[in-house]
Amino acid sequence: MLDRQENKLTMFEAVISLLDANTVKTAAIAAFAATYTVFKNFVAQIKVKDVEKGGATTGKTSTKNEDKSALISLLIHVWKPGFCIRCGNK
């Protein structure tokens, strides 16, 4: 996530912890409790998407590195004979 998004998520988590600590005061208002539940689920979905994105990025990077290593090992076999012919080495 971007810094701006991280900051908002941190703020959302602070609001959730504050409201969880004051459930006695907020439970009296039914509409507030329903909205709070929706908000809490929304924040949970944001966290899930962040984890998914992090996993996708990590997987992409590791796959990219594996592909790069495979290509390098393939090219070493192709370039070695050409290098030896050019240098006169056998």
Side-chain angles (χ1 to χ4, degrees):
M1 278 198 283
L2 302 174
D3 286 341
R4 178 178 53 87
Q5 294 167 329
E6 281 284 341
N7 292 340
K8 283 186 179 184
L9 183 59
T10 303
M11 180 187 63
F12 293 160
E13 290 172 339
V15 169
I16 288 173
S17 72
L18 178 71
L19 293 174
D20 282 342
N22 295 304
T23 54
V24 175
K25 296 176 184 175
T26 59
I29 307 169
F32 184 80
T35 304
Y36 174 62
T37 303
V38 171
F39 175 70
K40 203 170 183 179
N41 291 336
F42 177 69
V43 172
Q45 290 173 0
I46 291 173
K47 289 180 181 180
V48 167
K49 289 297 180 184
D50 184 39
V51 169
E52 286 178 9
K53 182 191 173 291
T57 304
T58 303
K60 182 186 262 185
T61 302
S62 63
T63 303
K64 185 177 176 182
N65 289 337
E66 290 170 5
D67 291 344
K68 183 179 176 182
S69 296
L71 182 62
I72 288 172
S73 65
L74 178 68
L75 288 176
I76 286 175
H77 297 293
V78 174
W79 279 84
K80 267 187 176 178
F83 178 72
C84 292
I85 291 170
R86 242 182 300 140
C87 294
N89 298 336
K90 295 185 181 186

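Under a 3.5 Å cut-off, the side chain of Asp50 and the backbone N or O of Ile46 do not form any donor-acceptor pair.
Listed by chain and residue number, Asp20 satisfy the salt bridge (Lys or Arg N to Asp or Glu O under 4.0 Å) test with Lys40 (two or more places apart in sequence, or in another chain).
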Please list, one pair per line, the donor and acceptor atoms closer than 3.5 Å that link side chains of residues 9-18 to other protein atoms, with sequence neighbours excluded.
| residue | atom | partner | partner atom | Å |
| --- | --- | --- | --- | --- |
| Thr10 | OG1 | Glu6 | O | 2.9 |
| Glu13 | OE2 | Lys47 | NZ | 3.0 |
| Ser17 | OG | Ala14 | O | 3.0 |

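To the nearest 0.5 angstrom, Tyr36 atom OH is 14.0 Å from Ile29 atom CD1.
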